There are 2 protein chains.
Amino acid sequence: MTESFEQLCKDLNISPSITRKSIFNYMKEVEEAYHPTVDDIYKNVKKDIPTLSKTTVYNVLNLFIEHNLVRAIPMATNQKQYELMLDNHSHFICNECHKIFDIPHVKTVVNEDDLHHFQIENEEVVLRGICKDCLESHNA
Amino acid sequence: MTESFEQLCKDLNISPSITRKSIFNYMKEVEEAYHPTVDDIYKNVKKDIPTLSKTTVYNVLNLFIEHNLVRAIPMATNQKQYELMLDNHSHFICNECHKIFDIPHVKTVVNEDDLHHFQIENEEVVLRGICKDCLESHNA
DNA sequence: GTCCTTGCAAAGCGTTTGCACAGAA
DNA sequence: TTCTGTGCAAACGCTTTGCAAGGAC
């Protein structure tokens, strides 16, 4: 996905405002590293746009979600985390530190007979366990 | 899993109070049908225990969660849904009506090479799409 | 007595809504 | 002018916390 934000907006038929672009760019920048909360996005994009409000962050994220550009991940902590939906990957969530790690897409083996009543549009796999860092701190 | 609630509590080393038993029984009763919210549990168990408070429902659920008897499913709606963890199944969530359906366990194909840093404890598969009822109402 | 369970009321906190202002078309 | 994007403040709703009363042991 090397499309520009402007082209993306054209495809989605939304206007590419500065605010939207900054939020998109921030999410793109951190997408390999972590899945930001609204607060993360607010604090970081505010550095470039000091007048930014949290309402706008919510507005923009919800707009992106409507257009399938972003996905909200509901968390046990009640604080959602957001990610761009530009590729297809799975998640590993650590049961100790609760970090989400992107992992290469995990295939599933769906038994079609079980699901002939449903129209499947996508599938998510979440693996849970202990991440490398937490395992290491056990031995420390 | 045909163990009695009393035996379950003995195993978990918690006391089997009437309130806890009623909440457990309600969850057991509806487990095939749906995944109740705190409000569902509160309203229904209150029929048997009129003095029940929502705080107690939260207390009991959190106790059950600590002991891995119950699992909270964070939802897009910010209202968690709860389920007993007595068997192993997967979920189908309808993108239109947002109902959660239990479906037989969907196997995954994990590439171990991708995950040698992580200790996997369990895996969840969530399929999303349109459920039978919503498909039918399209044609109506 | 002590410990544990329960429940009321209040606080906490993430998110949404109402509404107004400013800028673009 | 009309429409759209933004932002403040307030409201909303789910969940947690503080604390006290009652019961079990």
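Note on naming: letters A, B, ... go to the chains in the order of the sequence lines (proteins, then strands), and numbering restarts at 1 for each one. This structure is a prediction, so every number in the text was calculated from the model and none was measured.
With hydrogens and angles ignored, a donor-acceptor pair closer than 3.5 Å exists between the side chain of B/Thr55 and the base of C/dC8.
For C/dG7, the OP1/OP2 oxygens have a side-chain nitrogen or oxygen of B/Thr56 closer than 4.0 Å. An OP1 or OP2 oxygen of C/dT16 is reached within less than 4.0 angstrom by no side-chain nitrogen or oxygen of A/Tyr58. The side chain of A/Thr19 contributes an N or O atom lying less than 4.0 Å from OP1 or OP2 of D/dT6.
Place B/Ser15 and A/Gln81 on DNA chain C by their nearest nucleotides, and B/Ser15 ends up nearer the 5' end. Comparing A/Asn59 and B/Tyr42 against DNA chain C, the residue whose closest nucleotide sits nearer the 5' end is B/Tyr42.
Among the atoms of the strands shown, none is found under 4.0 Å from any heavy atom of A/Thr37. A/Lys80 comes within 4.0 angstrom of the backbone, heavy atoms only, and of no base.
In this pair, A/Phe5 and A/Phe24 present their aromatic rings tilted. The plane angle is within the 30 to 60° band. The aromatic rings of B/His89 and B/His35 sit tilted relative to each other, their planes meeting at an angle between 30° and 60°.
Summarising the geometry, the separation between CD1 on A/Ile18 and P on C/dG23 is reported as 14 Å, rounded to the nearest angstrom. With rounding to whole Å, B/Asn62 atom CG is found 12 Å from D/dC14 atom C1'. Residue B/Asp39 contributes atom CG, which lies 12 Å from atom P of D/dG13 at whole-angstrom precision. Residue A/Arg20 contributes atom CZ, which lies 8 Å from atom C1' of D/dT4 at whole-angstrom precision. The interatomic distance linking B/Ile23 (CD1) with C/dT5 (P) rounds to 13 Å, in whole Å. The interatomic distance linking A/Asn78 (CG) with C/dC13 (P) rounds to 12 Å, in whole Å. Rounding to whole angstrom units, NZ of residue B/Lys54 and C1' of C/dA11 are separated by 16 Å. Rounded to an integer number of Å, the gap from CG of B/Leu61 to C1' of C/dT5 is 15 Å.
Of the residues A/Ile23, A/Thr37, A/Ile65, the one that meets the side-chain contact (heavy atoms from CB on, under 4.5 Å) test with A/Tyr82 is A/Ile65.
One hydrophobic cluster, built from ILVMFWY side chains closer than 4.5 Å, holds both B/Ile14 and B/Leu61.
Across D/dT15, D/dG5, D/dG7, the shortest atom-to-atom separation from the side chain of A/Ser17 is found for D/dG5.
With a 4.5 Å cut-off on side-chain heavy atoms, A/Leu135 and B/Phe118 do not count as touching.
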